[in-house]
Amino acid sequence: MIPVTFSYHKAESVGDAVARIAGNPEAKLLAGGHSLVPAMKLRLAAPGELIDITGLDELKAITVGESIQIGALATYNDILHHHELIAHLPIFGAAIPHVGDRQVRARGTFGGCIAHADPAADLTAVLLALGGHVNATGPAGERSIPVEEYFVDLWTTALAPDEMLTSVVIPLPGDGARMTYVKHRHPASGYAVVGIAVVVDDNGPRVTITGATSKPEHLAGAEDAISAGINDASIDLAVARATEGVHINGDLYADEEYRTHLVGQMVKKALQQIVS
Amino acid sequence: MTTDHIHVAMTVNGVERSAEVEPRTLLVHFLRDSLGLTGTHVGCDTSQCGACVVDVDGVSTKSCTMFAAQLQGANVTTIEALAADGTLHPMQEGFWAEHGLQCGFCTPGMIMSSIAMLKENPDPTDDEIREGLEGNFCRCTGYQNIVNAVRHAAAEMREQNSAD
Ligand SMILES: Cc1cc2nc3c(=O)[nH]c(=O)nc-3n(C[C@H](O)[C@H](O)[C@H](O)COP(=O)(O)OP(=O)(O)OC[C@H]3O[C@@H](n4cnc5c(N)ncnc54)[C@H](O)[C@@H]3O)c2cc1C
Ligand code: FES
Ligand code: FES
């Protein structure tokens with residue numbers, strides 16, 4: 001319950017925060033704290049220094065223009081309550097109410113979720129389905145990482161240890177875009193046992209998965225099955241091909257066979273929502 | 001940069017409070033151990049149970065998941081403030097009237113979360129009450145009487161507000 005001793009620094013700017021993590025391999029950024037602090041209490045994480053970035057108001061903004069930019073420190077609730085964003089990207093309205101609980105959604109940040117890349121997080125799959133890029137700042141300056149290259153493995157992203165995620169940019173979906181997210185929650189933790197995000201627009205269908213894989217991934221078999229249209233027959237085919245070429249993880253709660261079945265059922269539920 | 005004690009000052013239940021604490025001191029430990037406000041409980045290690053819920057600058061917060069050092073100058077309200085003048089808050093009254101507790105361990109967090117929920121939604125359905133208390137675990141009641149208590153309090157609070 002009591003974390004290992006550390007030193008605490010409240011960051012004054014993005015530059016200050018980046019200089020701190022670049023200067024000390026033991027240092028970690030603290031955003032909403034709802035992944036990091038529980039891990040520290042269990043002593044699964046023991047950073048020697050915490051750089052608190054929650055005071056950096058410039059990272060809280062959400063702007064809707066030719067694309068949609070979400071600052072790293074926008075909380076789940078900031079996104080959910082941004083009517084213009086939800087009007088363009090209703091998938092956030094479908095997913096966020098299923099993240100944790102009211103206290104988690106009030107503190108947890110989009111940047112923290114995307115940087116942490118928990119294999120059972122929800123918005124990772126949502127971001128992969130929407131596409132776009134992640135902006136990061138490191139000692140060498142800023143760079144932008146395409147979402148398709150961003151998620152690497154369990155809790156591992158393309159961010160370098162001395163880089164900070166500053167914002168995420170998502171393209172505006174075309175007219176008539178349809179999207180949804182469905183989730184089978186772990187009954188104790190509330191995290192995704194299987195989460196499926198679907199986005200259908202002019203760029204073709206995207207079907208992505210979280211919870212059952214090491215990182216969010218495209219379900220290419222399901223995407224291919226519905227490429228010519230979504231109807232009862234193509235939904236059945238998408239279910240049959242859902243886990244094609246994808247490694248499904250099992251654990252004590254849900255083994256590989258059960259989870260594989262669940263993936264098909266969640267794909268079916270999501271696609272039925274898309275056509276209804 | 002130091003792991004030494006730091007001076008933390010914040011307003012707790014309307015009173016300026018301060019203490020020298022280690023950076024690793026969680027808000028809940030600051031409240032309980034530095035200030036002696038033991039109404040806020042610790043029920044888990046994993047930020048799941050909600051026994052520790054308090055209000056921080058208007059945001060319903062698990063006090064086991066923030067460090068006191070982050071809250072310089074903040075305004076914190078704990079369960080102790082609710083009946084400070086000796087009269088129970090309608091939510092406390094609701095838990096009493098509907099028998100919304102058995103051992104009472106979860107109750108401070110339940111009450112603080114429920115008050116936060118009613119601020120957003122003064123007239124919740126039973127399903128909305130259950131959803132609103134997702135982050136609060138009770139190991140005794142089976143939740144039904146807690147739902148009844150919140151519904152009871154919501155009706156009372158709506159009446160008080162319309163009378164104002
Ligand atoms: C009870 C409970 C239930 C939960 N249920 C769910 C759930 O159902 N679904 C779900 O998706 N999540 C769930 N979560 C996790 C929650 O969504 C986290 O808040 C979120 O994943 C992490 O965001 P944060 O702002 O809290 O990050 P923090 O905990 O502050 O940070 C997490 C990690 O990311 C790093 N980091 C943070 N911000 C940045 C940045 N800008 N740049 C680079 N690195 C950064 C930190 O150094 C740390 O390593 C739950 C958490 C709790 C406590
Ligand atoms: S003690 Fe804070 S959630 Fe359990
Ligand atoms: S009354 Fe005992 S835990 Fe809720």
Side-chain angles (χ1 to χ4, degrees), chain A residues 1-11 16 19-20 23-24 26-27 30-55 75-78 80-81 97-108 112 185-191, chain B residues 1-6 8 21-29 33 42-74 109 112-117 119-121 128-137:
Chain A
M1 179 67 194
I2 299 180
V4 170
T5 307
F6 59 83
S7 61
Y8 172 83
H9 175 77
K10 194 160 175 83
D16 176 34
R20 291 274 176 166
N24 179 2
E26 296 256 302
L30 175 65
H34 277 59
S35 290
L36 184 55
V37 178
M40 289 173 68
K41 291 191 295 186
L42 295 170
R43 301 201 172 190
L44 296 170
E49 182 179 4
L50 276 194
I51 316 300
D52 183 355
I53 57 173
T54 53
T75 63
Y76 291 109
N77 277 350
D78 291 340
L80 187 62
H81 298 148
H98 302 290
V99 175
D101 54 52
R102 65 170 41 247
Q103 287 82 17
V104 172
R105 295 190 291 270
R107 295 276 172 200
R185 293 172 71 120
H186 188 290
S189 75
Y191 278 89
Chain B
M1 189 185 103
T2 168
T3 55
D4 293 348
H5 283 59
I6 40 183
V8 174
V21 299
E22 284 186 84
R24 63 172 167 172
T25 306
L26 296 163
L27 173 60
V28 69
H29 292 138
D33 303 341
V42 176
C44 73
D45 274 346
T46 48
S47 302
Q48 285 181 297
C49 78
C52 62
V53 169
V54 301
D55 180 289
V56 177
D57 295 326
V59 180
S60 183
T61 298
K62 290 179 174 175
S63 61
C64 69
T65 314
M66 288 195 88
F67 296 106
Q70 294 182 268
L71 295 169
Q72 295 282 14
M112 295 307 288
S113 275
S114 300
I115 292 173
M117 171 188 354
K119 260 198 257 163
E120 282 163 33
N121 180 2
E128 286 168 344
I129 294 172
R130 286 176 187 277
E131 264 170 39
L133 292 175
E134 260 173 323
N136 293 81
F137 294 176

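Every chain is numbered from 1 and lettered A, B, ... according to where its sequence line falls, protein lines coming before strand lines.
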Asker: Specify which of A/Lys41, A/Lys10, A/Met40 makes the most heavy-atom pairs with chain B at under 4.5 Å.
Answerer: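 Heavy-atom pair counts peak at A/Lys41.
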Asker: Measure A/Ser189 against the heavy atoms of chain B and call it side chain, backbone, both or neither at under 4.5 Å.
Answerer: both
Asker: Do you know the tightest heavy-atom contact between A/Thr5 and B/Glu22?
Answerer: OG1-OE1, 3.9 Å
Asker: Name the region of A/Ala39, side chain, backbone, both or neither, that has any atom closer than 4.5 Å to a heavy atom of chain B.
Answerer: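 Neither part.
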Asker: Atom OG1 in B/Thr61, atom NE2 in A/His34: separation rounded to 0.5 Å?
Answerer: 7.5 Å
Asker: Quick one: does B/Leu26's side chain get under 4.5 Å of A/Val37's, heavy atoms only?
Answerer: yes
Asker: Please look at B/Cys64 and chain A and tell me whether the side chain, the backbone, both or neither of the residue comes under 4.5 angstrom of a heavy atom of that chain.
Answerer: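 Its backbone and side chain both get close to chain A.
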Asker: Do you know the tightest heavy-atom contact between A/Ala106 and B/Ser60?
Answerer: CB-O, 4.5 Å
Asker: Within the structure provided, determine whether A/Arg107 and B/Thr65 are in side-chain contact (heavy-atom separation under 4.5 Å).
Answerer: no
Asker: Would you sort out whether B/Ser113 and A/Gln103 count as a side-chain hydrogen bond (donor to acceptor under 3.5 Å, both in side chains), showing the intermediate values?
Answerer: CA-CA 9 Å; B/Ser113 275; A/Gln103 287 82 17; 2.9 Å; yes
Asker: Find the distance between CZ (B/Phe67) and CG (A/Leu30) and round it off to the nearest 0.5 Å.
Answerer: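 B/Phe67 atom CZ to A/Leu30 atom CG measures 6.5 Å (nearest 0.5 Å).
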Asker: What's the separation between atom CE in A/Met1 and atom OG1 in B/Thr46, rounded to the nearest 0.5 Å?
Answerer: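 Answer for the CE-OG1 pair, A/Met1 versus B/Thr46, is 9.5 Å.
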Asker: For the interface with chain A, which of B/Glu131, B/Gln48, B/Lys62, B/Glu120 has the highest count of heavy-atom pairs at distances below 4.5 Å?
Answerer: B/Lys62
Asker: Please name the pair of heavy atoms, one in B/Pro23 and one in A/Ser7, separated by the smallest distance, quoted to 0.1 Å.
Answerer: CG-CA, 4.5 Å
Asker: What part of B/Gln72 gets within 4.5 angstrom of chain A, counting heavy atoms only: side chain, backbone, both, or neither?
Answerer: neither
Asker: Counting only heavy atoms closer than 4.5 Å, note whether A/Leu50 contacts chain B via side chain, backbone, both or neither.
Answerer: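 Contact with chain B is through the side chain of A/Leu50 alone.
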Asker: Quick check against the 3.5 Å criterion: does B/Arg24 have a side-chain atom that pairs as donor or acceptor with the backbone of A/Val4?
Answerer: no
